[in-house]
A.B. asks: 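Quick one: the structure is below, questions incoming.
As the structure is a computational prediction, the values presented were derived from the model and not from experiment. Order of the sequence lines sets the chain letters (A, B, ...), proteins ahead of strands, with each chain counted from 1.
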Amino acid sequence: MKYNPHEIEVKWQKFWEENNYFHCDEKSDKPKYYCLEMFPYPSGKIHMGHVRNYSIADVLAHFKRMQGYNVLHPIGWDAFGLPAENAAVQNGTHPAEWTYSNIADMRRQLKRLGFSYDWQRELATCDPEYYRWEQLFLIKFLEKGLLYRKNAFQNWCPNCHTVLANEQVEEGLCWRCESVVEQKELTQWFLRITDYADELLEDLDKLEGKWPERVITMQRNWIGKSVGAEIRFAIKDGAGVITVFTTRQDTIFGATFMSLAAAHPLLDELVSGTENEAELRSFITTILNAEKRAYNAENTEKRGMFTGRYCINPFTGALMPIWIADFVLSGYGTGAVMGVPAHDRRDFEFAQKYSLPIRVVIRPDETGGTDDAEAPAPEDLSAAYTDAGIMVNSGDFSGLHSEEGKLRIVEYLEKEGLGKRTVNRRLRDWNVSRQRYWGAPIPVVYCEHCGMVPEKEENLPVRLPLDVLTRPDGRSPLPDDPGFYRCACPRCGGEAGRETDTLDTFVESSWYFARYTDPRNSAEAFDKDKLAYWMPVDQYIGGVEHAILHLLYARFFVKALRDCGFIPETRVPDEPFADLLTQGMVLKDGRKMSKSKGNTVDPSEMTDKYGADTVRLFCLFAAPPERDFDWTESGIEGAFRFINRIWRLAIELAGKIPVVDACSSGPEEALLPAARALRRKEHAVVKKTGEDIAVRFQFNTAIASVMELVNLMYQVKDELVENGGGKKILGSALFTVLTLLFPFTPHICEELRLRLGSPLPLAERRRPVYSESALSLDMITIVVQVNGKLRGKIEIPAGEDAGTVKAAALAEAGVRKHIGGLAVKKVVYVPGKLVNVVAG
RNA sequence: GGCCGGGUGGCGAAAUGGUAUACGCAUCGCACUCAAAAUGCGACGUUCUUACGGACAUGAGAGUUCGAAUCUCUCCCCGGCUACCA
């Protein structure tokens with residue numbers, strides 16, 4: 001009887017599906033467990049990264065079921081997005097057709113891998129029954145001011161013909177097509193994520209220890225909170241005031257010039273009427289149109305131009321020339337920076353290039369003394385001194401440490417009305433407008449009489465028309481489709497036009513986990529009781545590439561839905577993902593698998609060759625889940641060999657061993673030494689796999705320990721199968737192997753369970769429970785060291801007292817030899833483990 | 001430049017203060033076979049030694065400790081994220 005994975009895998013997949021094993025609902029007295037993987041984009045093919053991700057999740061889902069949990073393990077499709085439009089243009093299909101046909105293909109592939117999803121909850125975000133609720137959320141957001149429209153310079157990808165969120169610009173390039181992103185002035189829809197910056201930051205503390213540290217850090221850095229001051233500088237010969245943001249108000253006495261971003265609102269007024277106005281305006285245009293590229297602080301030449309105007313340093317009274325500088329960002333702070341060349345790297349560079357005055361106002365702490373004369377002369381400075389230190393040349397503030405000085409300066413600013421303490425964040429509002437077709441329509445219309453009006457709730461969903469053709473140039477067909485945009489004003493009934501921008505697909509993925517709790521509800525987005533029952537997601541699993549994009553948006557969305565009354569605040573936690581596991585990549589030949597490099601491995605081909613169980617097992621055995629691992633043909637061969645080894649063992653023992661439960665044999669059967677050893681190993685492996693999976697997600701070591709058990713069974717089977725008690729222990733151990741491996745390789749385990757004559761499906765079983773007494777030993781081995789080096793081993797009865805053990809250790813032959821003529825100074829005994837003899 | 005990981009056999013990796021290299025891969029040997037494959041069993045860090053046995057090994061160097069891959073410090077290398085954020 002040869003192992004035939006294909007036959008048995010199809011058989012058991014059908015069995016589980018027909019008997020509805022993995023369907024769940026909230027009417028259960030078991031504790032709930034929500035296990036979720038980041039849902040796939042339906043590109044058409046499952047890749048190894050998916051297989052790894054879903055195998056990890058599936059082990060946890062099965063494991064928790066076997067621990068007695070009511071497990072929700074859903075799957076769906078992140079179905080809107082650009083690739084569908086590109087493919088539609090290339091292949092002459094419609095994005096919807098392409099998407100749904102891919103979903104069908106990928107569904108088949110996932111089913112073939114035997115993942116234990118509740119398929120009755122499957123959803124696709126391009127379904128109007130899904131996005132209609134999102135449109136409802138947006139109408140509410142609009143009402144609450146969380147959704148708004150503004151005109152601003154935006155990241156524009158010329159290749160994708162759409163704007164991009166800041167999170168979607170990577171080193172100045174489009175995250176999708178890697179085109180250079182331009183800055184374009186447009187009116188766009190934004191979600192006010194910045195209102196939640198503090199909560200998003202503070203709640204990261206709740207995730208400490210549950211989420212990977214680096215993801216938490218990345219989110220903290222992205223939100224980028226910095227505490228400092230706003231300082232107002234009066235413009236000379238003008239009415240205006242320039243406000244700057246700084247975290248280094250202690251260096252204010254060193255501010256010798258002012259630098260403004262090219263997009264600064266006061267700039268227009270400042271340059272008009274100046275001598276070289278034309279030149280200035282052309283310089284401003286140049287900077288505004290400059291590519292938003294990756295800057296390197298070390299080697300990027302800064303550019304600037306003097307406006308001819310001055311402002312006044314409120315502390316020194318000095319005149320500060322106002323410059324336009326390309327390194328000042330318009331979107332951060334106030335778009336104006338006070339130039340302190342002595343204590344800021346960029347200001348120093350800028351001052352050197354344009355010969356601006358340098359004034360030293362901080363000296364290193366350790367030089368001692370309180371005199372201003374201790375400060376280095378500006379001409380001696382080869383670089384900016386950017387650390388904290390002692391304030392010098394700073395009037396009444398001289399002698400203060402930077403930290404103290406910052407507080408005192410703020411007090412002074414507030415007292416004199418020159419500024420205030422303030423907090424700044426890097427995070428900006430989330431631009432959700434996309435000038436693309438294949439996305440959810442934004443439910444807003446523009447009426448000549450009423451202006452911008454939200455669509456009525458009863459008119460939802462605003463359906464994306466499916467009878468339009470995508471344009472080869474990539475532009476959205478919606479603005480040219482009167483059937484879509486012409487509509488009646490929801491307020492006055494007059495003629496109106498719909499918004500033709502669609503939503504960023506990250507909006508859909510920001511709440512799909514909530515919809516899974518009640519995916520067929522046609523009256524509301526989700527029933528509050530069902531939501532409250534299942535949320536939060538107990539374990540979320542996915543790639544680290546979503547550390548800031550999706551994982552930040554989803555956190556924000558849950559909080560926003562809470563504040564709009566969709567999520568019951570008291571019953572659903574503010575954080576949607578209680579625990580996060582970020583799995584590593586699957587590499588081939590040390591590099592990321594990619595079509596362009598031609599180093600992909602197709603999961604379907606591997607399943608054809610070895611079967612789903614082997615593919616799953618290898619993905620989990622090759623490395624711990626967080627680490628990258630290299631796909632090797634010999635590695636998967638090894639996994640296949642192990643599965644065959646279990647198959648042969650079970651087939652050989654079928655009929656020769658009794659049908660018993662896992663971990664069912666007692667000490668009365670363990671009379672032979674080999675039987676005792678096997679029983680002990682069996683229980684030890686149950687213990688270890690439980691800890692490895694639940695506590696540390698170490699699937700590789702869990703599998704390794706089951707391999708050890710199988711190896712031991714091979715060693716002792718011929719002896720034990722001849723013996724009554726031995727038979728029972730062999731049977732118990734074999735069912736333990738099958739039960740423990742069921743979450744990893746469910747098909748073969750279920751098949752062998754049946755062939756061994758055991759009627760209850762593994763899918764209905766609990767994990768075996770080990771007994772402490774089975775783990776105990778009569779005689780234990782104690783390692784003996786002399787001066788920390790292994791010199792011998794002694795066998796002693798368990799529980800022997802320290803004095804006896806030490807004496808036995810000192811008497812051991814190898815130990816005596818190494819002590820030789822040396823005096824024994826000390827003997828350390830670690831109970832049950834080792835003795836270290838210190839001699840010298 | 002900043003932050004976060006990581007560096008252990010020929011390879012993927014175990015070991016989180018107590019026997020370094022579990023488990024698997026590769027390689028070699030033995031059995032089975034006419035033979036090969038498959039399978040089963042065994043060997044497998046480096047080095048010295050006929051052997052018994054010893055010495056040396058977790059990126060480098062120091063420290064703490066009876067004892068360090070593990071903790072501390074300094075340095076080197078690799079990877080990731082982020083970046084003119086005031």
A.B. asks: Could you tell me whether the side chain of Lys302(A) reaches within less than 4.5 Å of the side chain of Asp326(A), counting heavy atoms only?
C.D. replies: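 Contact flag for Asp326(A)/Lys302(A) side chains = yes.
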A.B. asks: Verify the neighbour count for atom CZ of Arg214(A): are there more than 12 heavy atoms of other residues, nucleotides or ligands below 6.0 Å?
C.D. replies: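 No, not enclosed.
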A.B. asks: Looking at rA13(B), rA86(B), rG53(B), which one has an atom nearest to any side-chain atom of Phe245(A)?
C.D. replies: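 For Phe245(A), the side-chain atoms sit closest to rA86(B).
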A.B. asks: Using a 4.5 Å cut-off on heavy atoms from C-beta on, say whether the side chain of Asn711(A) contacts that of Phe642(A).
C.D. replies: no
A.B. asks: Given rG40(B), rC66(B), rA14(B), which nucleotide is nearest the side-chain atoms of Arg648(A)?
C.D. replies: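 Output: rG40(B).
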A.B. asks: I want to verify a distance call: between rC23(B), rA14(B), rC66(B), whose nearest atom is closest to the Thr701(A) side chain?
C.D. replies: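 Nearest nucleotide to the side chain: rA14(B).
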A.B. asks: Identify whether the glycosidic angle of rG9(B) places it syn (within 90° of 0) or anti.
C.D. replies: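 It is syn.
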A.B. asks: Would you say the side-chain atoms of Thr614(A) and Tyr3(A) include a donor-acceptor pair closer than 3.5 Å?
C.D. replies: no
A.B. asks: Under the 3.5 Å rule, do the base of rC66(B) and the side chain of Lys826(A) count as making a donor-acceptor pair?
C.D. replies: no
A.B. asks: Does the structure show a Watson-Crick or G-U wobble partner for rC41(B), both distances under 3.5 Å? Name it, or say none.
C.D. replies: rG29(B)
A.B. asks: Below 3.5 Å, does any donor atom in the side chain of Lys793(A) face an acceptor in the base of rU19(B), or the other way round?
C.D. replies: yes
A.B. asks: Considering only atom C1', compute the distance from rU46(B) to rG80(B) and round it to an integer number of Å.
C.D. replies: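 33 Å, rounded to whole Å.
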A.B. asks: When you measure from the side-chain N and O atoms of Tyr714(A) to the phosphate of rC41(B), is any distance below 4.0 Å, counting only OP1 and OP2?
C.D. replies: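 It does not, given that no N or O in the side chain of Tyr714(A) lies less than 4.0 Å from OP1 or OP2 of rC41(B).
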A.B. asks: Who does rU58(B) pair with, Watson-Crick or G-U, both distances under 3.5 Å?
C.D. replies: none
